[in-house]
Amino acid sequence: MPAKTLQEYSAKTAQKAVEQPAETSPSPVEPLSVRAILEQATPSTLDAALLVSATYDGERQKAVLKLYREKDERIYLWYDDAGHKPYCFSDLTPEELKTLPGLASHPGLERLERLKKYEPLRDEEKAYTKVEATDPLSIGGKPSGSIRDILPKAWEADIRYYECYIFDRDLKVGMPHCVKDGHLKELPYQVSSEVAEAVERLFEKEPPEVQEHIMRWMDLLECPVPDYRRVALDIEVGGPVATRMPSAEQAEDPVIAIGLVDNRGEKQVLLLRRQGIELGELPKGAQVSFFEDERGLLEAAFSQIAECPFVITFNGDDFDLRYLFHRAERLGFERDQIPIELSRDAAGLSLGVHVDLYKFFFNRSIQIYAFGQKYREITLDDVGNSLLGMGKVEIEGPVAELSYGLLADYCLRDAEITMQLTQLENGMTLKLATVLARISRTPIDDLTRQGVSGWIRNMLRYEHRRRNWLIPRPEDILEAKGAATTKAIIEGKKYRGAEVIQPEAGVHFNVPVLDFQSMYPSIISRYNLSYETVRCPHPECRTNKVPDTPHWVCTRKKGVSSLLIGSLRDLRVKWYKPRSRDRRLPRATLDWYNTIQNSLKVLLNASYGVFGSENFFLYCPPVAEATASIGRYAMTQTIERARATGMKVVYGDTDSIFLEAPSQKQVQELMAWSEQTLGMELDIDKTYRYAVFSARKKNYLGVYPDGSVDIKGLTGKKRNTPEFLKKAFFDMIDILSRVTSPDDFKKAKERIRELVKTSYVKLRRREYSLKDLAFNVMLSRPPDKYTKTTPQHVKAALQLQKARREVMPGDVISFVKVTGSSGVKPIQLAKTEEVDVAKYAEYISSTFEQVLDALDIDIGQVAGAPRLDLFMPSGADKAASER
DNA sequence: GCGGACTGCTTACCT
DNA sequence: ACAGGTAAGCAGTCCGCG
């Protein structure tokens, strides 16, 4: 059956799609039956379809898989056919277990089986008892009486059942499968012989187990991902109070608009007809349907999301889908008429897959590594503006009072932004999620909701099951390996981290920056770091020491995390990264390789940190500590070597070394030395025409040969800095980017002095608007939760609250510094005359000082700079003038 | 009672 | 719920000062 278009979907249910509001409603449509839809979606035979998600069916007590068939763009279901049961492990014998009170008689106990498992912490095999249950809740999850609570010690009892199912059946999420006579079969994807040979050649010197893993990854990564059929959804709710977010649990107010935009560009908006609302101008290029009653509106929306394979929202877990569910219940829908499945912190679909982009974009690793920190706030408006150049429609007053035209525009725009966020770079967003799902064997919907530690956890859990390794409990690891031993520089941290070299203040011309390619993953790979290899049980390994720590590393066996992280790293560095820049390849291929390359980057960048995180299932402080320690060692050794060979090191941070005007030969020699002595690749990351350092670490400016500029850490580019100052700062950057030789600086300095002076003058004349003057600081918790101090942005937030404006964590508070007791005011409540000019003058000075210091410009000498005697309060005034 | 020195809190950044 | 290291500004505290 061919896929339905949005129009076909809606034609069935829309009561009337017209330019003018209809006077009467046509007859209602047949009611939706979720059960019938699911039954129809469960064929006994199915050709190629991607495994995209998995869940547990409580009624049938079976694992269910969701498969996406590209041919008709539909989801199909498949239920377990082998009677797989949930289980956990015990170190007691079946006989001992039977004596435990409440176990033998447990209604959920299925059977006990003695078997052998390899125990990585002790490096030996041991017998365990597999305790099987009829259902996942019997293993764990009931408030009391779960099997895992009856056992004195239980292993692997907290793995979600359907994840357990994926691992045990060796299922490849995101890969093609088929169903024959009710049985599921993988359709193996094989890379072309051309690619396979090229990769084999690339890694021919690696040990066999590394080669084996690289080929396993290749089969997963090369297989193309389709452009999933999907619809973005956004709803508007008509409440009396405009500022307050309506409660999704109560769902008290009517749903007044539902916007739907699909991946082919079809747009549709469903509107509730209400008393006294103006028509306005309805959006062009979108199908607008009016509904006389809310029930009909929801039915129309449900009939579309019920069968759409992927539904995309921005915050649908907590709002849109949750609200629709509870609102439908309130309106008397049967459970079988609502195609939404709610859990505590997610909203799923009965048949399809719901991706909540809010959760995915909130993920720090995705934000930083996949989207290059282009968006700062996790709001649809900011993400849309930053990534697409398209923000929300600006409205005034409550949505419930908008004309139909404006309401439709507003609602549709949100759905449109949401859809376009999945259409960036050839559909990179969902492809990225799919690639990560493949590597981590995680259902795609879960993947978009989990953090990196969840992905790495699943990747490693699968590998343990594949090897028949017992997954240790966190307390087993901690007991065997102990805590960290080095002292952190920051108080309260668990161990010492990276080395930062004191920069040499001033201007340096011709500065190459060398860096270790993905340093921490390289260290984990090269030095065999893993929870079972660091402080392993073998006496003969104890001499294989980690520098500056009491730890040692195994010499007998390759560590599991070392192998997995190492093979992924090698594949990224040697294959995907170069391929993603190969100009000979077509654009679409480059985009695809870039997506894979980015997925690997996201995963690799977190691979060290997780071992130092208490919440990680393989939390192992010595592993994290050893990684950081070897990093410091590599850094200091390399700097020593650079200096010994006559080079000038002007700065370095963690994995990078900045050199001043070295010869090519010197650099080449250092790189060869690193490869040979440390076993780590040192690369030329970039070369600056010149770099400007203040005396501060993590603060510098580098100008490339083409005039583009890297700015790191400087106040002038921080997001909380007032706009007027950012602009002045970037005017200075513009001047600096034109400097090509030391001689050019003279003129540049003069122009910069002028620029700073102008800024002071405009400030004094109060020519900057409040918006330009505002500091923009994010509120990280509700204002009353700041108990130790009351920072300025919180003071401003409290004033806003007093003026009956809602403030929430995540909001960016815009405030200006004013004269008077409070010191600050939110821009909504401030006036230009109260601005504290002196404070701002000081702020200008300190911002420019970071750069002018290095240029040998004394900010105090710039006309207009704040002078103590002019700005200090009267008492200090005298003291200052007496000096 | 006030100001300077100091510490701790908070945010935003770097790798 | 990936880590630690750094900068900056402000809030709050302590202490000396006839």
Side-chain angles (χ1 to χ4, degrees), chain A residues 362-366 368-369 373 376-377 449-457 484 486-503 513 515-516 518-521 524 565 602-621 623-625 627-629 631-632 635 651-658 685 694-700 710-721 775-781 785-795 812-813 817 823-824 839 842-843 845-847 849-850 872-873 875-876 879:
Chain A
F362 192 83
N363 184 314
R364 288 280 293 163
S365 298
I366 293 298
I368 297 169
Y369 301 117
Q373 275 195 82
R376 311 281 187 115
E377 293 165 57
R449 289 169 175 80
Q450 286 175 7
V452 256
S453 70
W455 310 338
I456 296 176
R457 180 195 66 208
T486 52
K487 192 176 179 321
I489 287 172
I490 307 171
E491 203 174 343
K493 298 288 185 185
K494 286 162 292 195
Y495 60 90
R496 182 138 203 189
E499 189 79 27
V500 187
I501 306 303
Q502 184 63 48
V513 180
D515 78 339
F516 292 102
S518 43
M519 182 199 234
Y520 289 140
I524 290 171
I565 293 165
V602 168
L603 209 68
L604 290 167
N605 273 321
S607 62
Y608 139 77
V610 291
F611 287 102
S613 164
E614 285 101 331
N615 313 302
F616 186 56
F617 87 122
L618 293 180
Y619 173 51
C620 188
V623 168
E625 183 173 40
T627 313
S629 189
R632 289 193 302 275
M635 177 83 159
Y651 180 55
D653 186 349
T654 311
D655 59 359
S656 61
I657 294 169
F658 295 58
D685 181 35
S694 66
R696 302 157 184 88
K697 294 171 174 179
K698 299 185 189 280
N699 268 265
Y700 65 87
D710 268 350
I711 303 161
K712 300 291 180 182
L714 300 174
T715 303
K717 87 157 196 186
K718 291 197 177 184
R719 78 156 171 217
N720 56 6
T721 300
F775 288 84
N776 305 292
V777 180
M778 189 180 293
L779 202 60
S780 69
R781 41 192 134 135
K785 293 276 159 56
Y786 290 82
T787 52
K788 285 164 180 150
T789 58
T790 311
Q792 296 193 321
H793 68 295
V794 179
K795 279 186 181 154
V812 173
I813 309 293
K817 307 203 181 210
V824 296
K839 273 270 185 295
E842 276 179 46
Y843 209 81
S845 304
S846 65
T847 301
E849 207 168 22
Q850 292 175 340
M872 285 295 181

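Within every chain, numbering begins at 1; the chains are lettered A, B, ... in the order of the sequence lines, protein sequences first and strands thereafter. Only this structure's heavy atoms are used, side chains among them; waters, hydrogens and symmetry mates stay out.
By the side chain to side chain donor-acceptor pair (under 3.5 Å) test, Q850(A) is found to be paired with T715(A), residues two or more places apart in sequence or in another chain being considered. Looking at residues two or more places apart in sequence or on another chain, you find a ring-ring contact (aromatic ring centres under 6.0 Å, His included) between Y651(A) and F658(A), F693(A), Y700(A). By the salt bridge (Lys or Arg N to Asp or Glu O under 4.0 Å) test, K494(A) pairs with E614(A), sequence neighbours left out. Residues passing the side chain to side chain donor-acceptor pair (under 3.5 Å) test with Y369(A), sequence neighbours excluded: none. Scanning for ring-ring contact (aromatic ring centres under 6.0 Å, His included) contacts around F775(A) gives F815(A), Y840(A), Y843(A), with sequence neighbours left out.
Along DNA chain C, the nucleotide nearest to K817(A) and the one nearest to S613(A) differ in position, and the one closer to the 5' end is contacted by S613(A).
In this structure, S846(A) reaches the sugar-phosphate backbone alone: every heavy-atom distance under 4.0 Å involves primed, P, OP1 or OP2 atoms, never a base. Heavy atoms of F611(A) sit nowhere under 4.0 angstrom from any nucleic acid atom. Backbone-only engagement by G497(A) is indicated by non-hydrogen atom pairs under 4.0 Å involving sugar-phosphate atoms exclusively. Note on E499(A): nothing from the nucleic acid sits closer than 4.0 angstrom, heavy atoms only. When heavy atoms are screened at a 4.0 angstrom cut-off, I490(A) is found touching base atoms of the nucleic acid. Among the atoms of the strands shown, none is found under 4.0 Å from any heavy atom of K487(A).
Going from atom NZ of K493(A) over to atom P of dC2(C) covers 13 Å, rounded to whole Å. Per the geometry, CZ belonging to R632(A) stands 8 Å off P belonging to dG5(C), to the nearest Å. For Q850(A) and dG9(C), the CD to C1' distance is 12 Å, given to the nearest whole Å. Straight-line distance from the CD atom of Q450(A) to the P atom of dC2(C): 11 Å, rounded to whole Å. Computed from coordinates, the N605(A) CG to dG4(C) P distance equals 16 Å when rounded to whole Å. The distance from atom CZ of F362(A) to atom C1' of dA1(C) is 11 Å, rounded to the nearest whole Å.
One finds no side-chain N or O of S453(A) lying less than 4.0 angstrom from the OP1 or OP2 phosphate oxygen of dA1(C). The side chain of S365(A) contributes no N or O atom lying less than 4.0 Å from OP1 or OP2 of dC2(C).
Taking only side-chain atoms of V610(A), from C-beta outward, the nucleotide of dC2(C), dG12(C), dG5(C) with the closest atom is dC2(C).
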How does protein contact run along nucleotides 7-15 of chain B, one letter per nucleotide 5' to 3', with B for base contact, S for sugar-phosphate only, - for none, heavy atoms under 4.0 Å? --SSSBSBS
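Between the NZ atom in K493(A) and the NZ atom in K487(A) there is a gap of 13.5 Å [rounded to 0.5 Å].
At a threshold of 4.5 Å between non-hydrogen side-chain atoms, the residues V500(A) and D653(A) count as touching.
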